Engineer: 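Got a structure here, written out as structure tokens. Questions coming.
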Amino acid sequence: MNGVATRASAYVHEFGLSPAFMSLFGISALVLIAFYLALRNVLAATPQPLTRSDLIIFSAILALNLIATPIISWLSLTFVAAREYLRSNQDPLLKRGAALMIGATVPMFWGRLVFSLASSVILKADATLVSLVTGTARTGNVVALPNGGGFLWIADACSSFGNISLAMLCWLMFMEYRGRRERTPADYITCFYACLNVVVINITRISIIAVRPDLYNLVHGPWGAMVAGYLTTFVVILICSSGIKREQHQLAV
């Protein structure tokens, strides 16, 4: 709750309660599903005996999380999940739940941390793709509008990088949900294809704004963001589901 509260409150403040609710307060449905699956696996796992180190570590983490800071929450959640993942060799449900918990922290925290360190390179890549679609010049993360109508500045929140982390999370969910411990080349191709499609969706959305600046409020506003978010979720679920199903069928044959 500490981790998502800041983002949710900011989303409500910027767009209002109704659009924020329809957009799940700016939190992807894939992240919520991952947390649900993680908790379901952990609760279904065989109870582990409580040790003294458990009491010490979790008491310290509880005390730290009384400070409502998202960074502390995501770091502590990652630490707990990684610790259980490394200790759960005898219980596949606990290991699966811990893996999903770690995966859910990537788009919410770790992916944002990586983006903050390499934002200039990532935004330039997004701008390059938009300039190729619109056929206009690019300078840094700024793309010229067609017919000399001005310039489009691609901000951090518009980057495709966040959607790529969501696509990888969805792929991880299907791999863990189906109990697949072995990774095949076809699995990684499915992951790459999902990532590629979410980039296409995001670049298409930005390019529409560049070509039709009059549609900015519609495409870039809360309802446009909601449609793009649900479309991204639907596409990655469809790709990951069909790709992993096909691979399982091939293994069975």
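Since the structure is predicted, the reported quantities are computational estimates derived from the model, not experimental observations.
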Engineer: Quick check: are there more than 12 heavy atoms from other residues, nucleotides or ligands sitting under 6.0 Å from CD1 of I71?
Structural biologist: no

Engineer: I'd like to know if the side chain of T51 reaches the main chain of D54, judged simply by a donor and an acceptor atom lying under 3.5 Å from each other, with no hydrogens or angles considered.
Structural biologist: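 Looks like yes, one N/O pair under 3.5 Å.
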
Engineer: Hey, could you give me the CZ/OG distance between R212 and S207, rounded to the nearest 0.5 Å?
Structural biologist: 14.0 Å

Engineer: If you compare all heavy atoms of A127 against all heavy atoms of I154, which two are closest, and at what distance to 0.1 Å?
Structural biologist: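 Closest approach of A127 to I154: CA-CD1, 3.5 Å.
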
Engineer: Are side-chain N/O atoms of D156 and S119 paired as donor and acceptor at under 3.5 Å?
Structural biologist: no

Engineer: Under 4.0 Å between a side-chain nitrogen and a carboxylate oxygen: does that hold for R96 and D91?
Structural biologist: no

Engineer: Working to the nearest 0.5 angstrom, can you tell me the gap between L152 CG and I206 CD1?
Structural biologist: 7.0 Å

Engineer: Can you run down the ring pair (Phe, Tyr, Trp, His ring centres under 6.0 Å) pairs that involve residues 204-224, sequence neighbours left out, and say none if there aren't any?
Structural biologist: Y216-H220

Engineer: Do you know the tightest heavy-atom contact between R205 and G224?
Structural biologist: NH2-C, 4.0 Å

Engineer: Is it the case that atom CE in M22 sees more than 12 heavy atoms from other parts of the structure closer than 6.0 Å?
Structural biologist: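 Incorrect, the count does not exceed 12.
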
Engineer: Should we count CZ of F21 as having more than 12 external heavy atoms under 6.0 Å?
Structural biologist: no

Engineer: Is it the case that one hydrophobic cluster holds both I209 and M226, taking links as side-chain heavy atoms less than 4.5 Å apart, direct or via other members?
Structural biologist: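 Yes, I209 and M226 fall within the same hydrophobic cluster.
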
Engineer: If only side-chain N and O atoms count, and only distance matters, is there a donor-acceptor pair under 3.5 Å linking T184 with D187?
Structural biologist: yes

Engineer: Do S160 and N163 have a side chain donor and acceptor closer than 3.5 Å?
Structural biologist: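 Judged by distance alone, the side chains do not pair up.
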
Engineer: Could you note down all residue pairs passing ring pair (Phe, Tyr, Trp, His ring centres under 6.0 Å) where residues 185-207 supplies at least one of them, sequence neighbours left out?
Structural biologist: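 Output for this query lists W171-Y188.
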
Engineer: Can you name the nearest heavy-atom pair linking L100 to L172, along with the distance?
Structural biologist: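 Reported closest heavy-atom pair: CD2-O, 4.2 Å.
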
Engineer: Kindly give the heavy-atom pair with the smallest separation between T190 and I239, and that separation in Å.
Structural biologist: CG2-O, 3.7 Å

Engineer: I would like to know whether D126 and F161 meet side chain to side chain contact (heavy atoms under 4.5 Å, CB included); could you show each step before the answer?
Structural biologist: CA-CA 9 Å; D126 283 321; F161 187 78; 5.9 Å; no

Engineer: Holding to side-chain hydrogen bond (donor to acceptor under 3.5 Å, both in side chains), I want the full list of residues that pass it with T233, two or more places apart in sequence or in another chain.
Structural biologist: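 For T233 there are no side-chain hydrogen bond (donor to acceptor under 3.5 Å, both in side chains) partners, ignoring immediate neighbours.
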
Engineer: State yes or no: do I203 and W153 share one hydrophobic cluster built from I, L, V, M, F, W and Y residues joined by side-chain heavy-atom distances below 4.5 Å, directly or via other members?
Structural biologist: no

